[in-house]
Trainee: 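Please read through the structure below; I'll follow up with questions.
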Amino acid sequence: MNPLLKSIFSTEFAFAVIRVMTPLLLPALGVAITNLAGSVNIALEGIMLIAAFFGVLVSAFTGSLFLSLLAGIAAGVALAAILGYFHLKLKADIILGAIALNLFAAGFTIFMLFLITGDKGSTSSLKSLVFPSVHIPLIRHIPVLGDIVSGHNVLTYVAVLMVLVFYIIVYKTPLGLRIRAVGQNPDAAASVGIKVDRIKLYALMLSGFFGALGGLYLSMGYVSWFSRDMTAGRGFIAIAASTLGGNLPMGTFLASLLFGVVNAFAIYIASLNVPSELIQMIPYLVTLVALTIFSLRTLRKRPAKKEEKKLHVDEAAL
Amino acid sequence: MSTILEIENILKVYPDGVIANRDVSLRVEDNTIHAVVGENGAGKSTLMKIIFGITSPQEGTIRFRGKEVRFKSPNDAIRSGIGMVHQHLMLAPDLTVAENMVLGIEPRKRKLFLDQEETLRTSKKVSEEYGLDVPVEKKIRDLPIGVRQRVEILKALFRNAELLILDEPTAVLTPQEVEVLFKTLFKLKENGKTILFISHKLKEVKQIADRVTVMRDSRVITTEEASHLTEEKIAHLMVGRDIAGDRLPPSPALGDIRMSVRDLCYVTDENIRALNNINFDLRAGEILGLAGVEGNGQTYLIKTLTGLLEPTSGDILLENRNIAGLSPRQVRELGLSHIPEDRMDDGVAEHTSLEENFIVDRYYKQPFSRGIRLRWKDITSHSMDLIKRFQILTKNSRTPVGSLSGGNIQKVVVARELSSDPEVIIAAQPTRGVDVGSEEHIHSILKEARDRGKAVFLVSADLDEILKLSTRVIVIYNGGLVAHFPDASAVTDKDLGPYMLGVKKEEGSSGKIHP
């Protein structure tokens, strides 16, 4: 058997897929919830970066995992709230605001990095804690399955749990109902006394929370340091994942899994004698292809509807 | 009988100086169906907005159930027991009927969670209580418009509305749905509710209202028992005008047919027949006036004639060429020009200069462009010429159009449309919201075009304008032509009123008129 194929059909590969999926799934949930509220947040890239940075920083200086978790989440939610302030209070375009915050986060983290460590590349001089890996009792002993799903970083399990949390918030709480109503018809929501801007702010802050967990995973789970621009476009792939997943919890999960497979594949193929630049293109290429297929499918549904209408009219004319 | 709502001496002036309500007083008796009728712009909608707390009046008092109220927002009105069904329904399409009904006051369990059983149960309960059947578990998106409206009514009832305001509820419904709605309203009345509804369809008013208030020119003309009024009487009260301006002298010469419309139909996406077998001819040297209450198909007619909408069926012959479905540019190239009814949305680009607005329909032609370059020297001199000829008040030709007054913006549109030397001019509401001086000027421009042998199709909600300018008049009602007056000079607004309001029809049914 081909060594590449062999390694792809291994439990290690499946394990890697889940590992790689985690920092896509969390921001994808963040994008999805703002999409449902009608003000899509594309600043997940910046949110992850800021959270990743502050997590490492606080962990290096306090040695407390709990405090670094709090710091990362606070930083992510704060950045999302700033976007909310720009968009909802100052009435700025949310896309422009998000782009500005993404650029700000990139520059700010490098600046702080240099200020604190004297290094513009990474925090390798700081000793960062890492969120622990967890072996699931019983399941870890099941062959194949145990090798794949057990032994991941605790934040990976948190990410999967967040799919459930997302589902409950959106479909089982008054807040979720209001988020959906605001996204679908803000006038209708306002007409029954719902404060549209406040609901949108809550959705943005939730996206900050999801994104922050993703960022923390990157710097304190995936690796154990912060390096410049370490999100590497994951916040943008997350937008594609939530769109492909129709902003549904399970859909977003599956779409993230798909991108996880592609990313893992790119990592594996790197062992072959292929230019690495070419390999690094693969996840983004797949994103483009997936979005194109998705759009074509949606487009094809529309003219079908029009045909239907034409028929209707003809009947009416008869 | 007690009074549920009492309004006294309301004055409402909008920031732009338009007086929408002056000295408006109205009493609504408990447990009645009360209709407010009037032409567009008569002030009905403003009055409803005031009652529901969407906007507040400068003067006047409102008493609800004997207590003076001052609503700062619709929420205050809802809390007091007033509900409103807007013309554009306020529903979230992907939520279920039940979810829409409880939105904002959701039943909870364990404080944090939505109680879905209770949501369904209470929605069903309200729907059964009033005998208004709705599928509570279905998404709004999957329901026909009539059912959606019923959901909107239930939404108000769920919030304990005692007085229900409906803003032209039948405008979006099919005749069958209207029947069902009326049954619903009667049921609500049986249940002790009071209904206040806006309409300009007199048949409907006679059919269901106990009392009728007629509004005209921002004032209440009268409130009477519906049984004391006939449709003709209401129509007369609604349009009865005292001042009719001078009429234009007749056209020097009536020429050949320039445009023929044959069996034109347009069916909207909502499957409503907006235009129903429209037939007419437009001749050189005449102004053909189209009278009608707004919303009876005028906008669709204008849009199909000018290439903005493709008609569902029928032909539009311009100089013997069928232009139905051609693009606006193709239609314009064939010698048609269009003064659109909404100058800010369709007439000008408000942030760009007069110069750019003047050439927007011909920038690609000589002498305004050569190759890929615009020739600003020629554009400027063309613009200066138009500003002088049409007496447009502006600092210079590079001023953004949006900074001019309404009358001058309209003159910019008229100047552009007439300077292309068209054979056919579609003029929609050409003087809406402009000052008297500009109105006069635009009228004289249209007259001059007529005298030079151009064919003018005038669509206006202003009857005085129609009667002043038109050579002939046709009347549109409910998407069909219902009357043709070959000699406009012999017509008065009292002749037009009954046709405009659907009380009278020539030859029985629409579609038969063929001027």
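Sequence lines set the chain letters: A, B, ... in the order given, protein chains first and strands last, and positions in each chain run from 1.
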Trainee: Using 30° and 60° as the class boundaries, would you call the ring planes of A:Phe210 and A:Phe166 parallel, tilted or perpendicular?
Mentor: tilted
Trainee: Quick check against the 3.5 Å criterion: does B:Asn322 have a side-chain atom that pairs as donor or acceptor with the backbone of B:Ile316?
Mentor: yes
Trainee: With distance as the sole test, does B:Asn276 use its side chain to make a donor-acceptor pair with the main-chain N or O of B:Asn478 at under 3.5 Å?
Mentor: no
Trainee: Shorter than 4.5 Å, heavy atoms on both sides: which option in A:Pro174, A:Ala188, A:Ala189 has the most such pairs with chain B?
Mentor: A:Pro174
Trainee: Chain A heavy atoms under 4.5 Å from B:Lys155: which part of the residue, side chain, backbone, both or neither?
Mentor: side chain
Trainee: Side chain from CB out, backbone as N, CA, C, O: work out which of these in B:Leu91 comes under 4.5 Å of a heavy atom of chain A, or both, or neither.
Mentor: backbone
Trainee: Given heavy-atom pairs under 4.5 angstrom as the criterion, report whether the side chain, backbone, both or neither of B:Asn75 touches chain A.
Mentor: side chain
Trainee: Out of B:Ile54, B:Leu112, B:Asp94, B:Asp115, return the one with the most heavy atom pairs under 4.5 angstrom to chain A.
Mentor: B:Asp94
Trainee: Using a distance-only test with no angle check, is there a side-chain donor-acceptor pair under 3.5 angstrom linking B:Lys193 and B:Tyr130?
Mentor: yes
Trainee: May I ask you to name which of A:Thr173, A:Leu175, A:Ile168 has the most heavy-atom pairs under 4.5 Å with chain B?
Mentor: A:Thr173
Trainee: In plain terms, say whether B:Arg79 and B:Asp76 are close enough for a salt bridge, that is, a side-chain N and a carboxylate O under 4.0 Å apart.
Mentor: yes
Trainee: Between A:Lys172 and B:Gln116, does any side-chain donor sit less than 3.5 Å from a side-chain acceptor?
Mentor: yes
Trainee: Which region of A:Leu177, side chain (C-beta onward) or backbone (N, CA, C, O), has a non-hydrogen atom less than 4.5 Å from a non-hydrogen atom of chain B, or is it both or neither?
Mentor: both
Trainee: For chain A, which of B:Pro74, B:Pro107, B:Pro93 has the most heavy-atom pairs under 4.5 Å?
Mentor: B:Pro93
Trainee: If we only count heavy atoms from C-beta on, is the A:Val31 to A:Ile42 side-chain gap below 4.5 Å?
Mentor: no
Trainee: Do you know which of B:Ser313, B:Cys265, B:Gly104 has the most heavy-atom pairs under 4.5 Å to chain A?
Mentor: B:Gly104
